[in-house]
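Structure, as structure tokens:
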Amino acid sequence: MRSIRPLVGRRIATAEFRNLRVLRGGNPDHMAARLAGRRIASVKRYGKFIVATLDDGAFLMIHLGMTGKLLLGGAPGKHTHAILTFDRGMLLYDDSRQFGCIEFHEEFPKRVARLGPEPLEVSYEDFAQAMSRRKTTVKALLLNQTFLRGVGNIYADEALFRAGIHPQALACHIKKDRVRKLYDAVRQVLSEAIEAGGSSISDYVDAEGRSGWFQFSHRVYGRTGEPCPVCGTPIRRVVVTQRSSHFCPVCQRRPGGLRNTRTS
DNA sequence: ATCGGTACCTGCACGC
DNA sequence: TGCGTGCAGGTACCGA
């Protein structure tokens, strides 16, 4: 984000789209024609979405999925799906797994409008009330972008660890003091991660090709079998709603009445 | 309305 | 060296 800010105020000379899949049904010729000559009026992050507003009021929406990258300059590669050239410089959209997308919208994109609140902006009262109404596991709820925007698998695990909550605890059963801890932990983890430039698990880089540093602060994510940094108990991995969850079985006690568990 | 399961796609680490 | 398997950050969509 901080690396693509410099594009604000620049004029798009040409747009080229090489992969229809990441356009999610958008017409590449129409998009290219609509983008050419437009200036980027602003760029804003909404959870995991990036929305650029154009000078004519239209929007370019980008989601990086799991492997997406926005690169300022450099040579297009095998997985470069979009190339925007500017009056000065160039932006490449690169995504090997193609789970991300780049879309053009005349109106503010509905998917973004439907997102839940920003964790750093939501009040504790709203957060706690929303939690108390959900019967799903807290892990699934944290990953649900209509509940809270921007929390992914890594940061969900890290926040649950810091709050001392088992990933399979039911959201509505979590005690008030723990909910408060979770609220604080989510905000803390996200702001630390943003500050550190993100988590580079395999090949994540920002627009200047820099990797993040937050992976060195992961206390449980990807540390199956390693000692818990608090009590030394080996970190465990379970699958919750098809996603791996890492936790300390002592610091994050299993509540009763859980759904079936697979540990490794 | 809400929930869980599945599909989408490529790359990598691993064991054989 | 090469092949098969399982795993990976995310969301949309389906049926229950």
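As the structure is a computational prediction, the values presented were derived from the model and not from experiment. Proteins come first, then strands; the chains are lettered A, B, ... in the order of their sequence lines, and each starts at number 1.
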Looking only at the side chain of A:Ala140 (C-beta and beyond, no hydrogens), which of the listed nucleotides C:dT11, B:dG4, B:dG5 gets closest? B:dG4

Residue A:Met66, side-chain atoms from C-beta onward, closest of C:dG10, B:dT2, B:dC9: C:dG10

Which nucleotide in the list B:dG5, C:dA12, C:dG9 gets nearest to the side chain of A:Arg111? C:dA12

Search all heavy atoms of A:Gly152 against all heavy atoms of A:Leu143 and return the closest pair with its distance. C-CD2, 3.3 Å

Ignoring backbone atoms, test whether A:Lys78 places a side-chain nitrogen or oxygen under 4.0 Å from the OP1 or OP2 oxygen of B:dG11. yes

I'd like to know if A:Asp177 pairs up with A:Lys181 as an ion pair, taking the criterion as any Lys NZ or Arg NE/NH1/NH2 lying under 4.0 Å from an Asp or Glu carboxylate oxygen. no

Rounded to whole angstrom units, what separation is found between the CG atom of A:Leu148 and the P atom of C:dT11? 12 Å

Whether the side chain of A:Glu158 engages the backbone of A:Tyr221 through a donor-acceptor N/O pair (distance < 3.5 Å, no angle test) should be reported. yes

Has A:Thr67 got a side-chain N or O lying under 4.0 Å from the OP1 or OP2 atom of B:dT10? no

Looking only at the side chain of A:His63 (C-beta and beyond, no hydrogens), which of the listed nucleotides B:dT6, C:dG9, C:dT11 gets closest? C:dT11

Between A:Lys139 and A:Asp157, is there a side-chain N and carboxylate O pair less than 4.0 Å apart? yes

Need one value for A:Phe147: base, sugar-phosphate or nothing, where a base atom within 4.0 Å counts as base even if backbone is also close, heavy atoms only. nothing

Taking Watson-Crick and G-U wobble pairs with both distances under 3.5 Å, convert DNA chain C into its dot-bracket string, 5' to 3', dots for unpaired and | for cross-strand pairs. .|||||||.|||||||

Any sub-3.5 Å donor-acceptor pair from A:His166's side-chain atoms to A:Gln168's backbone N or O? yes

Less than 4.0 angstrom between a side-chain N/O of A:Lys48 and OP1 or OP2 of C:dT11, yes or no? yes

Both A:Arg97 and A:Leu143 contact DNA chain C. Taking the nearest nucleotide for each, which residue is further toward the 5' end? A:Arg97

Quiz question: going by heavy-atom distance under 3.5 Å, is there a donor-acceptor pair between the base of C:dG10 and the side chain of A:Arg243? yes

If you only use heavy atoms from C-beta on, which nucleotide in B:dC3, C:dG9, B:dT10 is closest to the side chain of A:His79? B:dT10

Quick one: is B:dA1 close enough that its OP1 or OP2 comes under 4.0 Å of any side-chain N or O from A:Thr146? no

Spacing of A:Phe99 atom CZ relative to C:dC13 atom C1', expressed in whole Å: 14 Å

A:Arg134 has an atom CZ; how far is it from atom C1' of B:dT2, in whole Å? 7 Å

Which of these nucleotides, C:dA8, C:dT11, B:dC3, is closest to any side-chain atom of A:Arg237? C:dA8

A:Asn153 side-chain proximity, nearest of B:dC9, B:dT6, C:dG9: C:dG9

Can any side-chain N or O of A:Asn19 pair as donor or acceptor with the backbone N or O of A:His81 at less than 3.5 Å? no

Is the centre of the A:Phe108 ring less than 6.0 Å from the centre of the A:Tyr46 ring? yes

First locate atom CD of A:Gln252, then atom CD1 of A:Ile235, and finally report the distance between them rounded to the nearest 0.5 Å. 7.5 Å

Would you tell me if any nitrogen or oxygen in the side chain of A:Tyr155 comes within less than 4.0 Å of OP1 or OP2 on C:dG9? no

Looking at every strand, decide which applies to A:Gln98 at a 4.0 Å heavy-atom threshold: base, sugar-phosphate, or nothing. sugar-phosphate

